[in-house]
Amino acid sequence: MSRPKAPLSTTSTSSPNVKETTIERSKGSLSRRSFLGKSLAVGAGTIGAGLLANTPTAKASGDITPGDVAILRFLAAAEIIESDLWQQYNELGGVQDSEVPGGSGNAAYTNALEVLDEDMPIYIHDNTDDEFSHWHFLNAFLVSVDAQPVNLDAFRTLPSSKATGAQQIGRLTNLMHLNVDTSWYLRYRSGHNPDFNFVFPQFINISNRPAIPPTDLPSGSDEIQAIANTAAFHFAAIEQGGSSLYSALGLGATNLRVLKILFGIGGSEVNHFAIWHDKAGNAPAVTIPGAGGVVFPDMESFNGRQSRQKNLIMPEPCTFIDPTLPLCSVIRPSSLAQAGAVHAFHAFASSGLFKGQSAAFINFISGLANAADAARRGL
């Protein structure tokens, strides 16, 4: 299915001779979100017959093991969680259209994000759309192999932002009290690898900070810029975690089609991370003083420093597989202990993303994570 585009205007600044171009959505085409939304009833564990009629089953390439199902069910839950947080970002700072509906935008927040890159709203929109596609695909695949899909609708109980542009609906995730892991910034500029028990410090300490405006804030203020900067580092933190997660869980998959799914979606997560890694380096210097504040440094001041220079975004070669082998540029970590489902669950929880969630939700996601990590590849 082709991916139609919204009516978005983009301006290239690479050449003075490049004129503004418009990307138009074909009004006669059907967006994949609309198609899946009408065809797939994941909550009831049913799927439209029209979709299944043209969907080859995974059984054609061999039996799906309980471990394969456990991996896919945790990943489906993770993608639902990601879709929830990305939808909140898109409602306030992205592009709201038929492909990613909901919300009406927040001018002050969008302007602050565009300080980092004028294309931030489009990138947010497309990342959101991608996460929804991962969620819908994984649940549809589970149904196609007679496995139970994942539905988290009962846990959509957290409040929305009160800022202009946000829908007032229940959420799975909390973006207003985040502890953002920024160690990835140092990790990908280093020859060390967490899989070999190397612990990286935080690049910037972002503790209990909002990544979306809780209420309307003045455009151009330090507070709204600090929130946008926090979001930028959170974007990369989420997507680098997904890159490692798919790599780690692939080691436990048995069915080749399941392995293909993990490679395919995992590659998309890597691409997302590369984009956000680059954009985070454009965060302007801003300080929110006092308790609960944050300090974003002048990123230009790190020029010439291998561990911090902002444009060194390609993964530095690092220790991989065996310390006696040459360094290699790879996604890291990729071990089950450092990047598996249980690790991802704890990373979500410790970041404050689940602040206010019920014990039932925590127990359900934890159970899925443990089952996924217990999967072992059968030969």
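Once rounded to the nearest 0.5 Å, the distance linking CG of N311 with NE2 of H277 reads 9.5 Å. Here the straight-line distance linking atom CG of L175 with atom NZ of K355 works out to 13.5 Å at 0.5 Å rounding. Rounding to the nearest 0.5 angstrom, the gap separating the OG1 atom in T128 from the CD atom in Q96 is 10.0 Å. Atom CZ of residue F137 and atom CD of residue E79 lie 11.5 Å apart, to the nearest 0.5 angstrom. Going from atom CG of N90 over to atom CD of E99 covers 10.0 Å, rounded to the nearest 0.5 Å. Note that CE of M176 is 7.0 Å distant from OG of S160, once rounded to the nearest 0.5 Å.
Side-chain contact between P194 and F200 is present, with heavy atoms from C-beta onward closer than 4.5 Å. I124 has its side chain within reach of L113: a pair of non-hydrogen atoms, C-beta onward, lies under 4.5 Å apart. Between I238 and W86, the closest side-chain pair of non-hydrogen atoms falls below 4.5 Å. Put simply, the side chain of E239 reaches to within 4.5 Å of the side chain of N127, judged on heavy atoms. Annotation: side chain of I81 is not in contact with side chain of D84 (no heavy-atom distance under 4.5 Å). Looking at V150 and L72, their side chains never come closer than 4.5 Å, going by heavy atoms from C-beta outward. Looking at heavy atoms from C-beta onward, N370 lies out of side-chain contact with D373 at the 4.5 angstrom threshold. In this structure, the side chains of I212 and Y89 come closer than 4.5 Å at one or more pairs of heavy atoms.
At a threshold of 4.0 Å, the pair K279-D119 does not count as salt-bridged, since none of the basic side-chain nitrogens sits closer than that to a carboxylate oxygen. Ion pair R187/E316 not flagged as a salt bridge, since none of the NZ, NE, NH1 or NH2 atoms sits closer than 4.0 Å to an Asp/Glu carboxylate oxygen.
Taking all atoms of both residues into account, the shortest heavy-atom contact from P214 to I227 is CD-CD1, 4.2 Å. The two residues A253 and L259 come nearest to each other via the heavy atoms CB-CD1, 4.2 Å. Nearest heavy atoms, L142 versus A76: CD1-CB, 4.4 Å. Pairing each heavy atom of N197 with each of Q338, the nearest pair is OD1-NE2, 4.4 Å. Nearest heavy atoms, T110 versus G93: OG1-CA, 3.6 Å. Nearest approach of T254 to D68, heavy atoms of both residues: N-OD1, 2.7 Å.
In the hydrophobic cluster analysis, where Ile, Leu, Val, Met, Phe, Trp and Tyr join through side-chain heavy atoms closer than 4.5 angstrom, F320 is grouped together with L325. A single hydrophobic cluster is not seen to contain both I204 and L312; linkage of ILVMFWY side chains at heavy-atom distances under 4.5 Å, directly or through other members, places them apart. Hydrophobic clustering, with ILVMFWY side chains joined whenever heavy atoms are under 4.5 angstrom apart, keeps L251 apart from I71. Under a hydrophobic-cluster definition in which Ile, Leu, Val, Met, Phe, Trp and Tyr are linked whenever side-chain heavy atoms come within less than 4.5 Å, directly or via other members, F345 and F361 are assigned to the same cluster. L158 and L152 fall into different hydrophobic clusters, defined by Ile, Leu, Val, Met, Phe, Trp and Tyr side-chain heavy atoms under 4.5 Å apart, directly or through other members.
With hydrogens and angles ignored, the 3.5 Å screen pairs a side-chain donor or acceptor of Q357 with a backbone N or O of L172. Here the side chain of D216 pairs no donor or acceptor atom with the backbone of A163 at under 3.5 angstrom. No donor-acceptor pair under 3.5 Å is formed between the side chain of R209 and the backbone N or O of G293. When atom types are taken as modelled, the side chain of S268 and the backbone of G264 share no donor-acceptor pair closer than 3.5 angstrom. Listed for the N229 side chain is a donor-acceptor partner under 3.5 Å among the backbone atoms of P284. Formation of a donor-acceptor pair under 3.5 Å by the N106 side chain with backbone atoms of L92 is not found in this model. Remark: the backbone N or O of G220 is not paired with any side-chain donor or acceptor of N111 at under 3.5 angstrom. A donor-acceptor pair under 3.5 Å links the side-chain atoms of Q168 to the main chain of S161, judged by distance alone. A donor-acceptor pair under 3.5 Å is formed between the side chain of D195 and the backbone N or O of S334.
Judged purely by distance below 3.5 Å, without hydrogens or angles, the side chains of Q202 and T182 pair a donor atom with an acceptor atom. A donor and an acceptor atom, one from each side chain of D322 and T324, are located under 3.5 Å apart. With hydrogens and angles left out, the side-chain atoms of N363 and S366 include no donor and acceptor closer than 3.5 Å. For the 3.5 Å distance criterion, the side chains of N193 and T319 fail to qualify, holding no donor opposite an acceptor.
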In sequence, state the C-alpha distance, the side-chain angles, and the governing distance for R189 and R305, and then conclude on side-chain contact (heavy atoms from CB on, under 4.5 Å). CA-CA 10 Å; R189 288 164 171 76; R305 298 176 62 181; over 6 Å; no
side-chain contact (heavy atoms from CB on, under 4.5 Å), that's the test. Do C318 and V330 meet it? Break it down for me. CA-CA 7 Å; C318 68; V330 295; 3.8 Å; yes
Decide side-chain contact (heavy atoms from CB on, under 4.5 Å) for L186 and H192; before the verdict, give the C-alpha distance in whole Å, the side-chain angles of both, and the deciding distance to 0.1 Å. CA-CA 10 Å; L186 302 175; H192 295 291; over 6 Å; no
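Residues passing the side chain to side chain contact (heavy atoms under 4.5 Å, CB included) test with A237 are V180, W184, sequence neighbours excluded.
In this structure, the ring of F235 has its center no less than 6.0 angstrom from the ring center of Y123.
Checked against D222 for a side-chain contact (heavy atoms from CB on, under 4.5 Å), the options L217, T287, I288 give a single hit: I288. With Y188 as reference, F273 is the one residue of F203, W276, F273 to meet the ring-ring contact (aromatic ring centres under 6.0 Å, His included) rule.
Stacking of R308 on the aromatic ring of Y185 is not recorded, the 6.0 Å distance cut-off and the 45° axial limit not both being met.
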